[in-house]
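Everything below concerns the one structure shown next.
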Amino acid sequence: ADDSTKIKSDVAASSLAVSAGTGNTVSVPVSIGMARNEVDQAVNAKLNAVGTSGNKATINGDVEVSTEKDGVINSKLAATAIGVGVSAGSSVAASGGGSLAFNTITGSNNAVISGSYLETTNTGDVSVTTDDTSTINANVKTLAVAVAVGASSAPGVALGMSVAKNNIGFDKATSTFSFDSNATRTS
């Protein structure tokens, strides 16, 4: 069983404020960009109730039960806030920008042989495998600029914040067991 789910997310938010005058001026732009991306995949392969204890299923060759899971999130996020204040009197410029990205890949990835009695011939092998190559690529940027020009007071304040929180699974564990031809666990 295979599953390859992909999300591409591009978010851009911009804000520009320009104020000019002969008296007092104030310029306050705010820009916020936010993305929330989730992939929840359930990839399962199961060989169940094949053969019985008195009548084994004979397979001429290999038996393979496998899963491959490849969840991908590509997230690009940008927020820009630019404030300009120009005055012959006093001028104030304050800008704020923020980018928030929350990306999550969860779900199961199971390969199982259950309640089965198998016998392989011609040096056949029994293989149960899972492979998970899920990835998250997050590129999060914020730009905040404040420029104030005035004949008297001219304060300029800019605040910017970028946050990316990425989760792949919540309990990632890998278990591998090997058995010999007598169904004795060897590792």
Side-chain angles (χ1 to χ4, degrees), residues 1-46 66-111 129-176:
D2 298 334
D3 189 4
S4 181
T5 303
K6 296 182 180 6
I7 293 176
K8 181 180 178 190
S9 170
D10 293 330
V11 177
S14 296
S15 176
L16 172 65
V18 177
S19 60
T22 57
N24 298 331
T25 62
V26 177
S27 176
V28 183
V30 176
S31 177
I32 297 174
M34 188 167 152
R36 181 176 174 210
N37 303 298
E38 294 183 16
V39 173
D40 186 9
Q41 305 161 284
V43 183
N44 298 299
K46 186 173 188 179
S66 66
T67 62
E68 292 184 26
K69 179 176 157 184
D70 179 29
V72 176
I73 295 176
N74 290 313
S75 179
K76 290 183 182 179
L77 189 60
T80 304
I82 300 173
V84 178
V86 179
S87 172
S90 67
S91 179
V92 176
S95 66
S99 296
L100 306 169
F102 303 98
N103 303 303
T104 304
I105 298 176
T106 58
S108 61
N109 191 27
N110 299 308
T129 60
T130 63
D131 190 21
D132 188 340
T133 58
S134 297
T135 58
I136 296 175
N137 301 305
N139 186 351
V140 182
K141 299 177 183 179
T142 299
L143 174 67
V145 177
V147 177
V149 179
S152 60
S153 67
V157 177
L159 299 172
M161 177 183 73
S162 296
V163 175
K165 183 175 181 185
N166 303 310
N167 291 311
I168 297 180
F170 294 109
D171 185 18
K172 191 160 177 96
T174 301
S175 300
T176 303

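What you are looking at is a predicted structure, and each value in this text was computed from that prediction instead of being measured. Computation of the quantities below employed the complete heavy-atom set of this structure, encompassing side-chain atoms and omitting hydrogens, waters and symmetry-equivalent molecules.
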task: Using side chain to side chain donor-acceptor pair (under 3.5 Å) as the criterion, point out the one residue from Asn74, Asn166, Asn137 that pairs with Asn103.
output: Asn166
- request: Measure across Ala94 and Pro29 and return the closest heavy-atom pair with its distance rounded to 0.1 Å.
  value: O-CD, 3.1 Å
message: Return the OG1 to CD1 distance between Thr135 and Ile168, rounded to the nearest 0.5 Å.
response: 6.5 Å
- request: Could you tell me whether a side-chain N or O of Asn24 sits under 3.5 Å from a main-chain N or O of Ser90, the two making a donor and an acceptor?
  value: yes
field: Pair Thr142-Ser99, side-chain donor/acceptor within less than 3.5 Å
entry: yes
query: Ala148 and Pro155: which non-hydrogen atoms are nearest, and at how many Å?
result: CB-O, 3.3 Å
field: The single option from Asp2, Asp3, Asn109 passing side chain to side chain donor-acceptor pair (under 3.5 Å) against Thr67
entry: Asn109
message: Would you compute the distance between atom CG of Asp40 and atom OG1 of Thr104 and round it to the nearest 0.5 angstrom?
response: 10.0 Å
message: Show the nearest heavy-atom pair for residues Met34 and Leu77, with the distance to one decimal.
response: N-CD1, 3.8 Å
message: Quick check: closest heavy atoms across Ala93 and Gly85, and the distance to 0.1 Å?
response: CB-N, 4.1 Å
- prompt: How many angstroms lie between atom CD1 of Ile32 and atom OG of Ser15, to the nearest 0.5 angstrom?
  reply: 10.0 Å
- prompt: Can you check whether Leu100 reaches Arg36 side chain to side chain, under 4.5 Å on heavy atoms?
  reply: no
- request: Taking all non-hydrogen atoms of both residues into account, name the closest pair between Ser66 and Ala45 and its distance.
  value: O-CB, 3.6 Å
Rounded distance [0.5 Å steps], OG1 in Thr130 versus NZ in Lys69: 10.0 Å
message: Is it the case that the side chain of Ser134 and the backbone of Gly71 share a donor-acceptor pair, with hydrogens and angles ignored and the cut-off at 3.5 Å?
response: yes
statement: In this structure, OG of Ser9 is separated from CG of Asn139 (nearest 0.5 Å) by 11.5 Å
query: What heavy-atom pair brings Ser19 and Ser27 nearest, and what distance separates the two atoms?
result: OG-CB, 3.6 Å
- request: Under the side chain to side chain contact (heavy atoms under 4.5 Å, CB included) rule, what do Thr129 and Asp131 come out as? Steps first, then yes or no, please.
  value: CA-CA 7 Å; Thr129 60; Asp131 190 21; over 6 Å; no
field: Check: Ser95 side chain, Gly83 main-chain N or O, donor-acceptor pair, under 3.5 Å
entry: no
field: Residue pair Thr80 / Ser31, side-chain donor-acceptor N/O under 3.5 Å
entry: no
field: Rounded distance (nearest 0.5 Å) linking atom CD of Glu38 with atom CZ of Phe102
entry: 11.5 Å
